[in-house]
Protein chains: 2
Amino acid sequence: MDNKEISQAVIGRLPRYFRYLGELKDEGIERISSQELSDIMKVTASQIRQDFNNFGGFGQQGYGYKVEYLYEEIGKILGLNKSHNLIIIGAGNLGQALANYMNFERRGFLFKGIFDNDPALYGRKIRSLEIQPMEEMETFVRVNEIDIAVLTIPKTEAVGVAERLVQAGIRGIWNFAHVDLNVPKDIQVENVHLSDSLMKLTYNISRFENGD
Amino acid sequence: MDNKEISQAVIGRLPRYFRYLGELKDEGIERISSQELSDIMKVTASQIRQDFNNFGGFGQQGYGYKVEYLYEEIGKILGLNKSHNLIIIGAGNLGQALANYMNFERRGFLFKGIFDNDPALYGRKIRSLEIQPMEEMETFVRVNEIDIAVLTIPKTEAVGVAERLVQAGIRGIWNFAHVDLNVPKDIQVENVHLSDSLMKLTYNISRFENGD
DNA sequence: AAGGGAATGTCAATGAATTGACATTATTTT
DNA sequence: AAAATAATGTCAATTCATTGACATTCCCTT
C-alpha cells in the first residue's frame with residue numbers, strides 16, 4: 001500500500017462509491033466505466049478515477065472497473081472486512097434507536113453492550129442486550145475488546161465519559177453529543193452533530209427564499 | 001446583504017461558531033477577539049475573520065466582536081430567527097427518537113406531525129402527536145404550512161415519498177434514508193447518512209492501526 | 001482632545017481539491 | 001496477428017479554500 005496521506009475529502013466520498021457499487025453488484029452488473037459511474041452518481045469521471053488512484057489502480061485500461069472487485073476493495077479500505085465491536089453509551093431514545101437498527105450488524109458492526117447511568121433502566125433489555133450501569137463500562141471495554149463507543153448522552157457528560165473510554169482503550173468514538181471531544185490523536189472521533197446538520201438545511205432554505 | 005454565493009465550506013462552519021458563541025454568552029462573556037476564539041475553537045483566527053466577513057463586518061476594529069450580537073447575527077443567517085414547522089415521515093425507532101428530542105423545539109423547530117404507513121401505529125401518540133397514515137401527508141403539509149420533512153423511512157420508499165413531498169410544497173428535506181434523493185434545485189436536501197459516517201470512522205481507525 | 005494600542009477587514013500568497021486533456025495500455029474485432 | 005477501439009492512469013491547468021501579512025480603523029487611556 002501507498003502510505004501517502006489520503007485527504008478526508010476523498011475518504012468522505014468512499015462510502016458513497018461503496019453504496020452505489022453495492023447496488024450495481026446486486027443488479028448483477030459486472031463491469032462499469034468511470035464515465036458510466038459518473039452519469040449515475042453525478043460526479044465527474046475525472047474525480048472518480050483520481051479518487052480510486054489514491055489507492056492504486058483498480059481498473060483495467062480499455063475495459064473499465066470490475067464492479068464486484070472494486071466493491072470489495074473499497075470495503076477493505078473502509079475497514080469493513082473486519083468486524084467491529086461497539087458499545088452504546090446512553091440508552092435514551094437515540095441510543096435505543098441505533099441499537100435497534102439492524103443494518104449496521106450486516107456490515108460487521110456488532111453491538112456488544114449498552115450503558116446508562118439511570119438505575120431505573122438497568123437490566124432492561126434492548127435486542128438481547130441488557131442495559132448496564134456506566135461503572136461497568138471500562139471493564140467491559142477491556143474484556144470484550146470493544147473498538148468503538150457510540151456516545152448518545154448529553155453534552156455535559158460526554159467529555160468526561162470520552163476520557164474514561166480513552167483510558168479503557170477504545171479506538172474510536174462515534175459522537176452524537178453536541179460537543180467537541182478532546183482526545184489523543186490516535187483515537188478517532190467521528191461527530192454526528194444533528195442540530196448542525198439541521199441548521200445547514202435552514203440556512204439553505206432561507207437563502208433560497210431571499211432570492212439568491 | 002451581499003448576494004455573492006457563500007461556499008458550503010463556510011456554511012458548514014457556522015453552526016459550530018453559533019454553538020461556541022452561545023456557550024460564551026451563557027457564561028456571561030460579552031466580547032471576544034478572533035484570536036481568543038481561535039484558541040478555544042482550534043481554528044485559525046484568519047479563517048474566523050474571513051468567514052464572518054462573508055456576511056459583512058460583525059466586529060469593531062481594535063475591540064473585537066460583541067458575543068451576543070455576533071450570536072444573534074449568525075442565528076439570523078442560519079434562519080433561526082424564524083420558527084420552522086416539521087413533520088416526520090416514518091415512526092420507527094429513529095423517527096420516534098427525533099420526535100422526542102426536545103432540544104430542536106428550543107431552537108424553533110416545531111414538530112407538527114408524524115406519519116407512517118403501518119396501520120398498527122395509527123393513533124399511537126408520541127409526545128402529544130398522533131401517528132397518522134401517510135395518505136394524509138400531502139394535505140397536512142399544505143394546511144399546516146410545513147417547511148421541512150424529516151425522512152426516517154427505508155430507502156426503498158424514500159425516493160417516492162420525497163417526490164410526493166415536493167409536489168405538496170415542502171421546502172426542505174432532512175434525509176436519513178440511505179439513498180440520494182433527486183429533487184428540483186429549489187428544494188433543499190440535507191443528508192444524514194449514518195452508515196457513511198460510521199464507515200469514515202472505521203477507515204480512520206484501521207488506517208491508524210496500519211501504522212500510518 | 002490627541003495619541004497609542006489593539007484587533008478588524010482585506011489583500012496577496014500559498015496550499016488543496018477538482019477538472020480537463022491525453023498518452024498509454026488493455027481489450028475486442030477483423 | 002494486427003489494427004482499431006475504449007477507458008484507465010496520470011500530468012497539467014484551473015478553481016477553490018486557507019493562511020499569512022498588514023494597513024486601516026476604532027477604542028481606550030492619559
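In the text below, chain A, chain B and the rest are named by the order of the sequence lines, each starting its count at 1. Only heavy atoms go into these numbers, but all of them, side chains included; no hydrogens, no water, no symmetry mates.
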Between atom [atom1] in [X] and atom [atom2] in [N], what is the gap in whole Å?
X: A/Ile48; N: D/dT10; atom1: CD1; atom2: C1'; value: 16 Å
X: B/Gln8; N: D/dA17; atom1: CD; atom2: P; value: 10 Å
X: B/Gln47; N: D/dG20; atom1: CD; atom2: C1'; value: 13 Å
X: B/Asn53; N: C/dA7; atom1: CG; atom2: P; value: 17 Å
X: B/Phe58; N: C/dA7; atom1: CZ; atom2: C1'; value: 17 Å
X: A/Gln50; N: D/dA12; atom1: CD; atom2: P; value: 13 Å
X: A/Ile11; N: C/dA17; atom1: CD1; atom2: P; value: 11 Å

message: Could you tell me if the side chain of A/Ile11 sits less than 4.5 Å from the side chain of A/Ile6, heavy atoms only?
response: yes
- prompt: Under a 4.0 Å N-O cut-off, is there an ion pair linking A/Lys66 with A/Glu72?
  reply: no
field: Short N-O contact, B/Glu138 and B/Arg164, less than 4.0 angstrom
entry: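 Salt bridge: yes.
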- request: Verify the ring-centre separation between B/Tyr71 and B/Tyr17: is it less than 6.0 angstrom?
  value: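 Ring centres of B/Tyr71 and B/Tyr17 not closer than 6.0 Å.
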query: Any side-chain donor-acceptor pair under 3.5 Å between A/Gln47 and A/Thr44?
result: no
message: Strictly below 4.0 Å: does B/Gln60 bring a side-chain N or O up to OP1 or OP2 of D/dC27?
response: yes
- prompt: Hey, does B/Phe52 reach any base, or is it just sugar-phosphate, or nothing, if we go heavy atoms under 4.0 Å?
  reply: nothing
Touch class at under 4.0 angstrom, heavy-atom based, for A/Ser46 against every strand present: base
field: 5' precedence on DNA chain C between A/Ala9 and A/Arg31 (nearest-nucleotide basis)
entry: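 That would be A/Ala9.
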- line: Out of D/dC28, C/dC22, C/dT24, minimum distance to the side chain of B/Tyr63 belongs to D/dC28
- line: Against the side chain of B/Ser33, the closest entry in D/dG9, D/dT25, C/dA7 is C/dA7
message: In dot-bracket form, 5' to 3', how is DNA chain C paired? Count Watson-Crick and G-U wobble pairs only if both distances fall under 3.5 Å, and write | where the partner sits on another strand.
response: ||||||||||||||||||||||||||||||
task: Keeping to residues at least two apart or across chains, list the side chain to side chain donor-acceptor pair (under 3.5 Å) pairs with something in residues 139-148 of chain B.
output: none
- line: Taken to the nearest 0.5 Å, the spacing of B/Ser195 OG from A/Leu80 CG works out to 9.5 Å
